[in-house]
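Since the structure comes first, as C-alpha cells, the remarks are kept for the end.
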Amino acid sequence: MRRKTGFFKLKFKDANYFYLCIGARPSKAYSLDVEKISKSHKKDNIYVKEVLREGFFPQVISYPCILFQSSLGVNVFLNFLDGSNLKIT
C-alpha cells in the first residue's frame with residue numbers, strides 16, 4: 001500500500017483509521033507532518049504538510065505516508081513542497 005499514492009480508509013474495532021500516501025520521493029529526507037488538527041461538528045480537519053529535512057540522507061526511493069485515527073470523518077488539507085494544495089474529504 002505504501003507504493004500507491006492516495007488516501008485510504010479503514011474501520012477497525014469501532015475506530016476509523018486514515019492512511020495518506022504521497023508517492024515516491026528521491027530520498028529519506030522527505031516526510032509528512034501534521035501541522036494542526038481542528039474539530040468541526042461533523043468532521044476533524046487535519047492539516048498535513050510535506051517536509052524536506054536538511055542534512056545528509058540516503059539517496060533511496062522513499063514513500064512518505066502518515067496514519068491517523070478519528071472517531072468522526074476527516075477533511076485533510078495537504079500542502080506540498082511546490083506550493084500546491086490538495087483537499088481530501
Side-chain angles (χ1 to χ4, degrees):
M1 187 181 294
R2 283 188 80 121
R3 291 181 185 231
K4 293 183 179 181
T5 301
F7 185 65
F8 306 93
K9 300 175 187 177
L10 172 69
K11 187 164 185 127
F12 181 72
K13 293 187 179 180
D14 297 327
N16 297 313
Y17 292 90
F18 303 91
Y19 193 62
L20 176 64
C21 302
I22 60 171
R25 297 297 187 262
S27 78
K28 290 282 191 182
Y30 292 84
S31 65
L32 292 173
D33 284 342
V34 174
E35 290 184 294
K36 71 177 183 175
I37 299 173
S38 64
K39 296 189 180 284
S40 66
H41 64 294
K42 293 184 180 179
K43 291 188 174 186
D44 290 335
N45 296 314
I46 301 172
Y47 297 84
V48 178
K49 69 177 179 177
E50 181 181 17
V51 177
L52 178 58
R53 296 174 286 167
E54 293 183 18
F56 295 100
F57 294 91
Q59 295 297 306
V60 297
I61 302 295
S62 65
Y63 300 88
C65 297
I66 193 165
L67 176 69
F68 40 90
Q69 185 267 333
S70 172
S71 58
L72 305 171
V74 297
N75 292 318
V76 177
F77 301 91
L78 178 59
N79 296 318
F80 291 100
L81 287 173
D82 64 5
S84 63
N85 300 308
L86 178 65
K87 178 182 177 185
I88 305 167
T89 57

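Closest non-hydrogen pair, Ala15 versus Gln69, comes out as CB-NE2, 3.6 Å. Ser27 approaches Pro58 most closely through the heavy-atom pair CB-O, 3.5 Å. A pairwise comparison of heavy atoms in Ser70 and Gly73 identifies OG-O, 3.9 Å as the closest pair. Nearest heavy atom pair, residue Pro64 against residue Leu32, reads O-CD1, 3.9 Å. Between Arg53 and Phe57 the shortest heavy-atom distance is O-CE1, 3.7 Å.
Val34 and Val76 fall within a single hydrophobic cluster, where Ile, Leu, Val, Met, Phe, Trp and Tyr are joined by side-chain heavy atoms under 4.5 Å apart, directly or via other members. When the side chains of ILVMFWY residues are joined at heavy-atom separations under 4.5 Å, either directly or via intervening members, Leu52 and Val48 end up in two distinct hydrophobic clusters. Cluster annotation: Phe7 is connected to Phe80 through the hydrophobic network of ILVMFWY side chains, with a link wherever side-chain heavy atoms come within less than 4.5 Å.
Residues Lys39 and Leu72 form no side-chain contact, since every pair of their non-hydrogen atoms from C-beta on lies 4.5 Å or further apart. No side-chain heavy atom of Phe68 sits less than 4.5 Å from a side-chain heavy atom of Asp44. Residues Asn16 and Lys9 are not in side-chain contact: their nearest non-hydrogen atoms beyond the backbone lie 4.5 Å or more apart. The shortest side-chain heavy-atom distance between Leu78 and Ile22 falls under the 4.5 Å cut-off.
Between Tyr47 and Phe77, the ring planes lie parallel to each other; the angle is under 30°, not in the 30° to 60° tilted range. Note: Phe8 and Tyr19 have tilted aromatic rings, judged against thresholds of 30 and 60 degrees for the angle between ring planes.
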Step by step, would you call Tyr63 with Cys21 a side-chain contact (heavy atoms from CB on, under 4.5 Å)? CA-CA 7 Å; Tyr63 300 88; Cys21 302; over 6 Å; no

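Around NZ of Lys43, the count of heavy atoms belonging to other residues, nucleotides or ligands within 6.0 Å exceeds 12. Asp82 CG: more than 12 foreign heavy atoms inside a 6.0 Å radius.
Rounded to the nearest 0.5 angstrom, Leu20 CG and Ile66 CD1 are separated by 7.5 Å. One finds the NZ atom of Lys36 at 12.5 Å from the CD1 atom of Ile46 (value rounded to the nearest 0.5 Å). From Ile88, atom CD1 reaches atom CZ of Phe18 across 11.5 Å, with rounding to the nearest 0.5 Å. Separating the CZ atom in Arg25 from the OG atom in Ser62 is a distance of 8.0 Å, to the nearest 0.5 Å. Atom CG of Asn79 sits about 4.5 Å away from atom CG of Asn85, to the nearest 0.5 Å.
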